[in-house]
2 protein chains.
Amino acid sequence: MNTNSYKQDRVTAYDEAFSLDDEKASQLAELFSSLSDPNRLRILSVLLRGETHVQQISETVAMSQSAVPHQLRGLRQMRIVRARKQGRMVYYSLDDDHVKELFLLGLDHVCHE
Amino acid sequence: MNTNSYKQDRVTAYDEAFSLDDEKASQLAELFSSLSDPNRLRILSVLLRGETHVQQISETVAMSQSAVPHQLRGLRQMRIVRARKQGRMVYYSLDDDHVKELFLLGLDHVCHE
DNA sequence: TGAATATATGAACACTAATTCATATAAACA
DNA sequence: TGTTTATATGAATTAGTGTTCATATATTCA
């Protein structure tokens, strides 16, 4: 973890000599890809309000029964959301605040022009 | 500009009653889509260091002659980069700091796990 | 003016990704 | 136990995206 120095303050961290290596580029692209679909974003916007079960997500974002679990699967694999089963319902929530920050920063930008 | 209240402090702005409408969802998805490709991210990582001409981008990120302008076109249309022609070279730079912030926040997250 | 260089663009192709449809699993309830 | 409800999954379809190849435009230089 000392071969790079990404861990500095975000804005000042970017070294002039820095060039994004292939692996980091791919990871970063994967992260942003998770946020690159309107329906996925709407699912996340629901989860931003708190833990919710699948059916309720479907209704809120007006997606079909099977489309929602399909998307949730991807988000789960990216560790963006987390599932908790209770009875026959499965409750999803954001796995941490990382994506919430990105989401809100992005929304901020979109809404300012 | 007062039909929404997105302009509050980012973290507290997210109203419990808020649900991402279709248009905002699409705009946001478009924004994140701009960052959803490794090569595009590498191009941006070069531009983060400052204004650069196309050929130099090609060399730095090891992309073909035509692939780079193709990608730059998309970034230009999204107003993420800006072009300045000088002689037969075209110099590109980031159009503002919006995407830089997203890029660095994302990189931050990727590098912390 | 003609050749060389830098960038852009259109079409074709390959690849990815999102949705739907059908079906499977699994829990609750009668 | 059998039926209903909630979620998940696989396959197929469709739409979108990134690259390459060939070519166009535009600028410099001889």
Side-chain angles (χ1 to χ4, degrees), chain A residues 20 22 25-47 51-93 95 99, chain B residues 20 22 25-47 51-93 95 99:
Chain A
L20 196 62
D22 290 10
S26 294
Q27 291 176 357
L28 196 49
E30 242 191 325
L31 174 60
F32 286 123
S33 294
S34 305
L35 304 174
S36 68
D37 176 80
N39 279 342
R40 236 175 358 250
L41 289 171
R42 282 160 36 155
I43 290 175
L44 291 174
S45 84
V46 172
L47 296 181
E51 199 187 46
T52 320
H53 60 86
V54 178
Q55 190 191 9
Q56 189 166 325
I57 296 173
S58 289
E59 286 166 10
T60 309
V61 306
M63 289 175 68
S64 77
Q65 186 279 316
S66 79
V68 173
H70 270 300
Q71 291 296 0
L72 287 170
R73 186 174 204 268
L75 293 170
R76 234 167 42 222
Q77 287 170 340
M78 284 295 293
R79 300 189 179 284
I80 289 173
V81 303
R82 161 180 59 220
R84 176 179 69 86
K85 187 162 189 175
Q86 181 178 320
R88 51 189 161 186
M89 313 234 247
V90 178
Y91 289 84
Y92 280 84
S93 57
D95 201 11
V99 162
Chain B
L20 196 64
D22 289 10
S26 294
Q27 290 176 356
L28 196 50
E30 242 190 325
L31 174 59
F32 286 123
S33 294
S34 305
L35 305 173
S36 69
D37 176 80
N39 279 344
R40 230 166 13 241
L41 289 171
R42 281 161 35 158
I43 290 175
L44 291 174
S45 84
V46 173
L47 297 180
E51 200 188 45
T52 319
H53 60 86
V54 178
Q55 189 191 8
Q56 190 166 324
I57 296 173
S58 290
E59 286 167 10
T60 310
V61 307
M63 287 175 70
S64 77
Q65 186 278 316
S66 78
V68 173
H70 271 300
Q71 292 296 0
L72 287 170
R73 185 174 205 270
L75 293 171
R76 233 167 41 223
Q77 287 170 340
M78 283 294 295
R79 299 187 181 283
I80 288 171
V81 303
R82 160 178 61 219
R84 176 178 68 87
K85 187 161 187 172
Q86 182 176 320
R88 52 188 162 188
M89 311 234 247
V90 178
Y91 288 83
Y92 280 84
S93 56
D95 200 12
V99 162

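Worth knowing before you read on, the calculation uses all heavy atoms, side chains too, and leaves out hydrogens, waters and symmetry mates. To find a chain, count down the sequence lines: A is the first, B the second, and so on, and within it residues start at 1.
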Measure CD/A:E59 against C1'/D:dT7 and give the value in whole Å, please.
14 Å
Quick one, give me the B/S/- string for nucleotides 20-30 of chain D, reading 5' to 3', where B means a protein heavy atom under 4.0 Å from the base and S means that only happens at the primed atoms, P, OP1 or OP2.
BBB---SBB--
Determine, stepwise, if the pair B:D22 / A:R42 fulfils side chain to side chain contact (heavy atoms under 4.5 Å, CB included).
CA-CA 8 Å; B:D22 289 10; A:R42 282 160 36 155; 2.3 Å; yes
Going through the checks in order, is the side chain to side chain contact (heavy atoms under 4.5 Å, CB included) test met by B:N39 and B:V61?
CA-CA 7 Å; B:N39 279 344; B:V61 307; 5.7 Å; no
A:L41 side, atom CG; B:E30 side, atom CD - distance, nearest 0.5 Å
11.5 Å
Applying side chain to side chain contact (heavy atoms under 4.5 Å, CB included) between B:R40 and each of B:L75, B:L35, B:I80, report the one that passes.
B:L75
I need the CD-P distance between A:Q55 and D:dA8, as an integer number of Å.
12 Å
What is the separation between atom CD on B:Q77 and atom P on D:dG18, rounded to the nearest whole Å?
12 Å
Spacing of A:I57 atom CD1 relative to D:dA8 atom C1', expressed in whole Å:
14 Å
Evaluate the criterion side chain to side chain contact (heavy atoms under 4.5 Å, CB included) for residue pair B:L44 and A:L20; output intermediate values, then yes/no.
CA-CA 9 Å; B:L44 291 174; A:L20 196 62; over 6 Å; no
Heavy-atom contacts under 4.0 Å between residues 28-42 of chain B and DNA chain D, which residues?
B:D37, B:N39, B:R40
Rounded to the nearest Å, what distance is computed from the CZ atom of residue B:R73 to the C1' atom of nucleotide D:dG18?
14 Å
Strictly below 4.0 Å: does A:R76 bring a side-chain N or O up to OP1 or OP2 of D:dT9?
yes
Can you label the angle between the B:H53 ring and the B:Y91 ring as parallel, tilted or perpendicular, going by 30° and 60°?
perpendicular
Tell me the interatomic distance from A:M89, atom CE, to D:dA8, atom P, rounded to whole angstroms.
13 Å
Side chain to side chain contact (heavy atoms under 4.5 Å, CB included) for B:M78 and B:V99? Distances and angles first, verdict last.
CA-CA 10 Å; B:M78 283 294 295; B:V99 162; over 6 Å; no
Looking for any heavy atom pair under 4.0 Å, which part of the strands does B:Y92 touch: base, sugar-phosphate only, or nothing?
sugar-phosphate
Heavy-atom check, side chain of A:Y92 versus side chain of A:I43, under 4.5 Å:
no
Tell me: OH of A:Y91 to P of C:dA27, nearest whole Å?
15 Å
Restricting to non-hydrogen atoms, name the atom on B:V90 and the atom on B:A83 that form the minimum distance, rounded to 0.1 Å.
CG1-CB, 3.8 Å
Strictly below 4.0 Å: does A:Q71 bring a side-chain N or O up to OP1 or OP2 of C:dA17?
no
Whole Å only: how far is the CZ atom of B:R84 from the P atom of C:dA8?
13 Å
